[in-house]
Amino acid sequence: KITTECRINKMTNLINKFKLGLAGLVLAGGIYGIYNLKNDSKKEKENKKIVIPITSPDWTTKGKFERTYRWDKILDEREEKYKIEKGLLKALAMREGNGDPLRLNKSGDGGAGMYQFQPGTAKYCGLKVCGDSEIMSIDMEHGRELRKLTHKYKNNYSKLAKIDERFDVYKSSEAAGKFLKKLYNKYGSWDRALSAYNRGQPAKNSHLTNHVKFIREYQEYYNQRDKD
């Protein structure tokens, strides 16, 4: 009887430890971010992701940085190609999608990927998008389709990146960099470009909006951490 009770207690302890470990991984984003950068694209294979431990929740600045820094080399190349301020595209990825290529907008509005492209905007930028939506703003129906898609493929990066290129790190970063530079050329400043990226048209005092201020803070944080 004592032996049986001891075995039960040991098994209970093991289960509890597993649950605690699992909870810790979820909190830190460890499980949500488990996928490898594998794609048919030769360029993506050359730009292998940086291995960095994810130790912080994705809503913290540190957590956003850790997730985004995995793609540092790819984002460096896009910033250099389009002559974007150092760290600005990276900060945009931190702000929009927390550095997670498989990110879906929490409200289910149809935004997807590191840059939260809406379906119509993504198609405008030359990305392949699942479904028929051409909407550049909120599209809840498309959001539901995306949730079904990611559930169907169990957040498998390789499969999802081929179905919808907003999930493709290389292609979405190329599209976001090109689009941001186009907005800069149109509106004459990076702050106004960032504001227009978020709302379609730049706010009157773009540099005072929360969206732009957060991105500037993330840019400073990223560049400082990148030096360390």
Side-chain angles (χ1 to χ4, degrees), residues 57-65 67-69 71 74-76 78-127 129 133-143 146 164-167 169 171-226:
D58 65 2
W59 63 83
T60 65
T61 300
K62 184 180 179 183
K64 294 174 188 289
F65 167 80
R67 288 161 178 78
T68 306
Y69 194 72
W71 326 111
I74 295 171
L75 302 184
D76 265 340
R78 303 284 70 72
E79 288 181 347
E80 290 173 8
K81 178 178 179 179
Y82 292 108
K83 295 181 173 55
I84 297 171
E85 278 187 18
K86 182 174 175 57
L88 199 61
L89 185 62
K90 300 162 187 174
L92 181 64
M94 288 175 67
R95 169 66 175 169
E96 292 288 342
N98 296 349
D100 191 336
L102 300 183
R103 182 85 172 182
L104 299 182
N105 185 279
K106 286 184 177 180
S107 68
D109 74 355
M114 286 205 298
Y115 305 98
Q116 292 295 288
F117 277 119
Q118 294 298 131
T121 309
K123 289 179 180 179
Y124 170 77
C125 291
L127 295 175
V129 175
S133 177
E134 302 284 345
I135 297 175
M136 293 185 173
S137 56
I138 295 174
D139 187 344
M140 303 303 287
E141 182 178 350
H142 183 70
L146 286 175
D164 193 314
E165 291 176 345
R166 288 176 292 176
F167 298 129
V169 175
K171 292 178 180 178
S172 65
S173 296
E174 172 70 19
K178 186 176 182 179
F179 185 47
L180 188 61
K181 184 58 183 286
K182 185 173 184 177
L183 292 173
Y184 170 80
N185 290 337
K186 182 176 182 178
Y187 296 112
S189 80
W190 289 116
D191 286 345
R192 286 172 62 78
L194 291 169
S195 180
Y197 185 99
N198 181 53
R199 46 183 286 153
Q201 296 288 331
K204 184 175 181 180
N205 295 305
S206 299
H207 64 291
L208 298 178
T209 62
N210 286 333
H211 179 72
V212 173
K213 287 194 289 186
F214 272 121
I215 290 177
R216 288 303 190 181
E217 289 175 11
Y218 294 152
Q219 179 187 19
E220 183 178 357
Y221 181 90
Y222 194 108
N223 288 341
Q224 185 58 50
R225 287 291 303 272
D226 198 25

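FYI, the numbering just counts along the sequence from 1. What you see is a predicted model, and the numbers here were worked out from it, not measured in a lab.
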Engineer: Would you say the side chain of P101 lies within less than 4.5 Å of the side chain of R166, judging by non-hydrogen atoms?
Structural biologist: no
Engineer: What distance separates E80 CD from K86 NZ, expressed to the nearest 0.5 Å?
Structural biologist: 8.0 Å
Engineer: With a 6.0 Å cut-off on the ring centroids, do F65 and Y69 count as close?
Structural biologist: yes
Engineer: For the residue pair L127 and K171, establish whether any side-chain heavy-atom pair is separated by less than 4.5 Å.
Structural biologist: yes
Engineer: If you measure only the distance, is there a donor-acceptor pair under 3.5 Å linking the side chains of Y221 and R225?
Structural biologist: yes
Engineer: Between P119 and G110, which heavy-atom pair has the shortest distance, and what is it?
Structural biologist: CD-O, 3.7 Å
Engineer: Measure the spacing between OG of S173 and CG of L75 and express it to the nearest 0.5 Å.
Structural biologist: 4.5 Å
Engineer: Measure the CD-OG distance between Q116 and S172 for me, rounded to the nearest 0.5 Å.
Structural biologist: 10.5 Å
Engineer: Does E85 have more than 12 heavy atoms from other residues, nucleotides or ligands lying within 6.0 Å of its CD?
Structural biologist: yes
Engineer: What is the minimum heavy-atom distance between L146 and A112, and which atoms define it?
Structural biologist: CD1-CB, 3.8 Å
Engineer: Taking NZ in K123 as the centre, count heavy atoms belonging to other residues, nucleotides or ligands within less than 6.0 Å. Is the count above 12?
Structural biologist: yes
Engineer: Could you tell me if the side chain of M114 sits less than 4.5 Å from the side chain of E96, heavy atoms only?
Structural biologist: no
Engineer: Counting C-beta onward and ignoring hydrogens, is there a side-chain heavy-atom pair between L88 and Y184 closer than 4.5 Å?
Structural biologist: no
Engineer: Give the C-alpha distance, both sets of side-chain angles, the deciding distance and a yes or no for side-chain contact (heavy atoms from CB on, under 4.5 Å) between I135 and T121.
Structural biologist: CA-CA 7 Å; I135 297 175; T121 309; over 6 Å; no
Engineer: How long is the straight-line distance from CG of L89 back to CD1 of I74, given to the nearest 0.5 Å?
Structural biologist: 11.0 Å
Engineer: When rounded to the nearest 0.5 angstrom, what distance separates CG in L180 from CD in E79?
Structural biologist: 9.5 Å
Engineer: Do E217 and T61 have side chains that get closer than 4.5 Å, going by heavy atoms?
Structural biologist: no
Engineer: Do K90 and D76 touch side chain to side chain, with heavy atoms closer than 4.5 Å?
Structural biologist: yes
Engineer: Using only heavy-atom distances, determine whether the side chains of Q118 and Y124 contain a donor-acceptor pair under 3.5 Å.
Structural biologist: no
Engineer: With side-chain contact (heavy atoms from CB on, under 4.5 Å) as the criterion, how do M94 and I215 come out once you've worked through the C-alpha distance, each side chain's angles and the decisive distance to 0.1 Å?
Structural biologist: CA-CA 8 Å; M94 288 175 67; I215 290 177; over 6 Å; no
Engineer: Flag the pair F179 / Y115 as yes when at least one side-chain heavy-atom distance between them is below 4.5 Å, and no otherwise.
Structural biologist: no
Engineer: Does any part of the side chain of R103, heavy atoms only, come nearer than 4.5 Å to the side chain of N98, both counted from C-beta?
Structural biologist: yes
Engineer: Step by step, would you call I84 with R78 a side-chain contact (heavy atoms from CB on, under 4.5 Å)?
Structural biologist: CA-CA 8 Å; I84 297 171; R78 303 284 70 72; 5.9 Å; no
Engineer: If you compare all heavy atoms of E165 against all heavy atoms of G126, which two are closest, and at what distance to 0.1 Å?
Structural biologist: OE1-O, 4.1 Å
Engineer: Taking only distance into account, with no hydrogens and no angle test, what donor-acceptor pairs under 3.5 Å do side-chain atoms of residues 185-196 form with protein atoms, sequence neighbours excluded?
Structural biologist:
unit_1 : atom_1 : unit_2 : atom_2 : d
N185   : ND2    : K181   : O      : 3.4
Y187   : OH     : Q201   : OE1    : 3.1
S189   : OG     : R192   : N      : 3.1
D191   : OD1    : R216   : NE     : 2.9
D191   : OD1    : R216   : NH2    : 2.9
R192   : NE     : Y187   : O      : 3.2
S195   : OG     : A203   : N      : 2.8

Engineer: Does L208, at its CG atom, have more than 12 non-hydrogen atoms belonging to other residues, nucleotides or ligands within less than 6.0 Å?
Structural biologist: yes
Engineer: Assess whether side-chain contact (heavy atoms from CB on, under 4.5 Å) is satisfied between F214 and T209, documenting all intermediate values.
Structural biologist: CA-CA 9 Å; F214 272 121; T209 62; over 6 Å; no
Engineer: Output the distance between atom CG (N105) and atom CZ (F117), rounded to the nearest 0.5 Å.
Structural biologist: 14.5 Å
